[in-house]
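Everything below concerns the one structure shown next.
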Amino acid sequence: MSGTDLLDGFDLAALPGASAREAAAARVRAGGWPTKRDEAWHYTDLAAGLRGFALGPAPAVEVAAELPEGQRVVFVNGRFDAARSAAPEWVARLSDVALGDAAADPACGGVVVALNTALAEDGVAITLAPGQQGGTLFLVALAAGRGETMPAIAPRHRIVLGAGATLTLIETARGEGSYLHAPVFEVDLGAGARLNHYRLQDESAEAVHVATIFAEIAGGAGYESFTLNRGARLSRNETHARLTGPAADVHLNAAQLLAGTQHGDVTTVVRHDAPDCASRQTVKSVLAGAARGVFQGRIEVDRIAQKTDGYQMNQALLLSDEAEIDSKPELEIFADDVKCSHGATIGALDPEQLFYLRSRGVPAAEAKSILIRAFLDEALEPVTDEAARAVFEAAIGAWWREGA
């Protein structure tokens with residue numbers, strides 16, 4: 001589908017914020033879906049993944065789901081579900097605040113972010129005052145594609161934490177049928193603020209999931225992120241994090257559990273624009289069948305960002321001869337007093353470790369499960385929140401029980 005055809009099924013004039021939407025729509029029409037010819041998408045051909053599908057507006061549907069207890073906001077096909085939400089006073093609908101003039105730069109996320117800007121009708125606005133403690137908030141995204149067209153679900157979420165504020169956000173994405181889920185998050189952390197952002201991507205096996213996060217992290221603030229990818233036939237989670245003040249830190253950890261012909265992409269860009277900042281990235285993929293994993297991680301260190309401490313590690317465990325991993329770590333350093341490193345390893349389950357467990361009476365399937373879990377532990381280690389940990393434990397257990 002060419003760029004001029006991507007938005008044919010949508011009436012943009014009927015949506016608020018027409019000027020911003022039309023500018024974004026022009027970028028979509030000019031660019032079309034990314035292909036392998038686009039450097040940033042070299043390993044993930046989104047155009048091929050969506051070929052043959054006609055996009056259309058996401059219909060209003062009902063999707064059954066077991067919801068978490070406590071503070072939560074629920075979205076169904078990108079629309080706020082007030083009846084099933086239990087939102088605190090510092091959470092509002094973004095459509096009620098300001099939707100249209102996006103802070104996120106579409107040039108960074110290209111056509112995907114421009115598409116979100118053109119189509120977003122709803123989202124959540126989380127605003128914590130300086131020093132406010134937000135506790136734990138669940139963001140539940142449910143989706144369903146049941147018609148002839150492929151629903152394009154494009155919520156825009158904005159998270160602003162004042163100086164010294166804290167929040168744990170647990171995000172889950174699940175659905176049924178065929179649909180495109182393209183959320184965009186704008187995160188702004190004031191001095192000394194802390195955001196723990198835990199994300200489970202467990203979309204329908206027929207879905208395409210392309211999420212983009214923009215995080216601005218002030219001095220002394222911290223953004224702790226962990227993403228588990230196990231759903232969707234094609235997924236990409238792209239994070240742009242910028243450290244803007246001294247002693248800021250960011251952790252972008254992730255794990256991918258993929259099987260069959262699934263394709264999962266974790267892409268990160270971390271910009272060190274201030275001195276004495278730290279970034280950590282540990283991404284681990286477990287790939288079965290003919291699954292393909294991708295990791296692209298880039299650390300950019302500005303000339304003024306002395307005493308930068310940056311680390312990247314990408315590791316993949318291939319459970320079959322057909323599984324494949326592409327790894328592209330990058331460092332771009334203009335400062336001279338830094339400590340930056342990256343690495344990548346690819347391997348299979350150790351036959352000696354399997355033999356050791358089997359010789360002590362551990363069944364073959366359980367032995368493999370033990371070794372896979374040990375492999376994932378390093379990426380999961382920073383997840384200290386009990387509720388988030390329970391979400392990930394359940395997802396990992398379900399993946400194994402489903403025969404991966």
Requested in this report: Report yes or no: do D273 and T244 form a side-chain donor-acceptor pair below 3.5 Å?
Outcome: no

Query raised in the report: To the nearest 0.5 Å, how far apart are CG in L169 and CD1 in I126?
Result: 5.0 Å

Query raised in the report: Which heavy atom of R194 sits nearest a heavy atom of G222, and at what distance?
Result: NH1-CA, 3.2 Å

Query - Carboxylate-amine/guanidinium contact R389 D385, below 4.0 Å - result: no

**Report entry** Side-chain (Q262) to main-chain (A232) donor-acceptor, under 3.5 angstrom
**Finding:** yes

Query raised in the report: Do R230 and E402 meet the salt-bridge criterion of a basic N to acidic O distance under 4.0 Å?
Result: yes

Query raised in the report: Does a donor on one side chain and an acceptor on the other come within less than 3.5 Å for H209 and Q201?
Result: no

Query raised in the report: Any ion pair linking E378 and K284 (charged N to carboxylate O, less than 4.0 Å)?
Result: yes

Query raised in the report: From F355 CZ over to D350 CG, what is the distance, rounded to the nearest 0.5 angstrom?
Result: 12.5 Å

Query - Any side-chain donor near an acceptor of the partner, Q296 and T268, under 3.5 Å - result: no

Query raised in the report: To the nearest 0.5 Å, what is the distance between CG (L137) and OG1 (T168)?
Result: 10.0 Å

Report summary line: In short, F75 meets F80 closest at the heavy-atom pair CD2-N, 3.4 Å

Query raised in the report: Would Y43 and F295 count as a ring-ring contact (aromatic ring centres under 6.0 Å, His included) if you check the C-alpha gap in whole Å, the side-chain angles of each, and the deciding distance to 0.1 Å?
Result: CA-CA 9 Å; Y43 301 107; F295 170 69; over 10 Å; no

Report summary line: Residues at least two apart in sequence or cross-chain that pass side-chain contact (heavy atoms from CB on, under 4.5 Å) with E171, listed by chain then number, are L139, F185, H197, R199

Query raised in the report: Side chains of N229 and N237: is there a donor and an acceptor less than 3.5 Å apart?
Result: yes

Query - Side-chain ion pair, E176 and R146, N-O less than 4.0 Å - result: yes

Query raised in the report: Among side-chain atoms of S279 and H272, is any donor-acceptor pair under 3.5 angstrom?
Result: yes

Query raised in the report: Is it true that K368 and E366 have a side-chain N and a carboxylate O under 4.0 angstrom from each other?
Result: no

Report task. For the pair E39 and K328, find out whether any cationic side-chain nitrogen is under 4.0 Å from an anionic carboxylate oxygen. Result -> yes

Query raised in the report: Are H263 and S235 close enough that a side-chain donor and a side-chain acceptor fall under 3.5 Å?
Result: no

Query - Value rounded to 0.5 Å, distance of CZ in R79 from CZ in R93 - result: 10.0 Å

**Report entry** Those residues that, when tested against Y311, pass side chain to side chain donor-acceptor pair (under 3.5 Å) (two or more places apart)
**Finding:** none

Using a 3.5 Å cut-off and no angle test, enumerate the donor-acceptor pairs between side-chain atoms of residues 56-71 and protein atoms at least two apart in sequence or in another chain.
residue	atom	partner	partner atom	Å
Q71	NE2	G134	O	3.1
Q71	NE2	T136	O	2.9

Requested in this report: Output the distance between atom CG (L317) and atom CG (L349), rounded to the nearest 0.5 Å.
Outcome: 4.5 Å

Query raised in the report: Any Lys/Arg nitrogen of D326 or R292 sitting under 4.0 Å from an Asp/Glu carboxylate oxygen of the other?
Result: yes

Query raised in the report: Would you call R280 and D249 a salt bridge, using N to O less than 4.0 angstrom?
Result: no

Query raised in the report: Is it the case that more than 12 heavy atoms not belonging to D321 sit under 6.0 Å from its CG atom?
Result: no

Query raised in the report: Just by distance, with hydrogens left out, do E206 and S178 show a side-chain donor and acceptor under 3.5 Å apart?
Result: no

